[in-house]
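Below: one structure, written as structure tokens.
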Amino acid sequence: MTKRIDTFTAGEVVKLSGVPYANLDYWVRSGFLRPSVEEASGKGSDRTFSFRDVVALRVAQRLRTAGVSLQSLRAAVQRILGLRSLDSASEALASTYLVSDGRIVYAKTGDELVALVRKPGQLAFAWFIDLGQVIREIRERMAA
């Protein structure tokens with residue numbers, strides 16, 4: 001069986017995304033972020049992830065490190081995955097920024113700011129994630 005170039009094993013995902021294996025395993029088992037290509041079918045079988053999965057995992061790791069709660073993170077990542085298809089609109093996604101005050105996560109595309117997790121609170125944007133930069137970082141790690 002030949003490995004597709006656009007698929008990644010769990011070990012490759014750990015290297016490319018920066019998500020520790022224990023977190024990856026927990027997130028997959030809990031249903032937070034499952035591999036979209038192939039799930040493990042038992043002990044000793046491999047999980048296979050897509051490039052889109054790697055991007056989502058890296059973004060999730062960054063959001064978690066920035067202090068976003070796991071509950072908000074789950075909602076934000078699911079919305080991010082639904083915003084655009086990486087396969088058909090990677091350039092548009094690469095120009096998307098994530099902005100947060102630590103509680104609410106927004107996607108900024110052009111002049112639009114769309115709440116990914118709707119919660120009341122004061123808007124005080126402390127950081128953002130450049131999804132284009134995330135994609136470039138993963139591609140650089142793939143080349144290494």
Side-chain angles (χ1 to χ4, degrees), residues 1-119 121 125-144:
M1 182 171 166
T2 305
K3 180 184 182 297
R4 289 180 32 197
I5 192 134
D6 57 346
T7 63
F8 306 91
T9 65
E12 292 168 328
V13 168
V14 166
K15 176 184 170 191
L16 296 171
S17 71
V19 174
Y21 183 81
N23 288 33
L24 175 64
D25 187 55
Y26 173 74
W27 287 353
V28 169
R29 285 187 293 110
S30 70
F32 172 45
L33 285 170
R34 294 187 177 274
S36 63
V37 178
E38 185 175 355
E39 296 209 30
S41 58
K43 192 170 184 160
S45 62
D46 292 328
R47 297 171 176 147
T48 309
F49 297 83
S50 68
F51 184 78
R52 179 182 179 141
D53 297 336
V54 176
V55 171
L57 285 159
R58 185 156 176 89
V59 169
Q61 178 69 14
R62 283 189 162 181
L63 290 171
R64 193 70 180 113
T65 300
V68 174
S69 73
L70 194 54
Q71 180 181 7
S72 293
L73 180 62
R74 286 177 188 273
V77 169
Q78 292 309 312
R79 289 291 308 272
I80 291 164
L81 290 174
L83 286 177
R84 293 189 174 88
S85 164
L86 277 176
D87 299 329
S88 63
S90 62
E91 285 184 34
L93 186 59
S95 64
T96 299
Y97 294 87
L98 298 183
V99 184
S100 179
D101 63 356
R103 293 174 291 154
I104 304 170
V105 179
Y106 300 87
K108 183 182 182 314
T109 306
D111 292 335
E112 287 188 343
L113 191 63
V114 179
L116 298 178
V117 180
R118 296 190 187 275
K119 288 191 175 187
F125 302 119
W127 54 269
F128 69 92
I129 296 175
D130 178 349
L131 295 180
Q133 180 62 32
V134 169
I135 290 169
R136 285 187 294 279
E137 289 170 1
I138 291 170
R139 288 198 171 129
E140 286 172 7
R141 288 181 180 208
M142 288 170 58

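As the structure is a prediction and not an experimental result, all values here were calculated from the model. The figures that follow rest on heavy atoms only: side chains count, while hydrogens, waters and symmetry mates do not.
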Distance-only side-chain donor-acceptor flag, S36 / S50, under 3.5 Å: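 On atom types as modelled, these side chains qualify, holding a pair under 3.5 Å.
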Any donor-acceptor N or O pair under 3.5 Å, side chains R58, Q61: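 There is no such pair between these side chains.
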Reported CZ-to-CD distance for the pair R62 and E137, which is rounded to 0.5 angstrom: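 One finds 4.5 Å between CZ of R62 and CD of E137.
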Reported CG-to-CD distance for the pair L16 and E140, which is rounded to 0.5 angstrom: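 That separation rounds to 11.5 Å.
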I'd like to check [X] versus [Y] (side-chain heavy atoms, cut-off strictly below 4.5 Å). Are they in contact?
| X | Y | result |
| --- | --- | --- |
| D53 | V13 | no |
| F8 | M142 | yes |
| R141 | S17 | no |
| D130 | R136 | yes |
| R64 | V19 | no |
| F49 | V28 | yes |

Taking every non-hydrogen atom, the tightest pair across T48 and P35: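 Heavy-atom minimum between the residues: O-CB, 3.2 Å.
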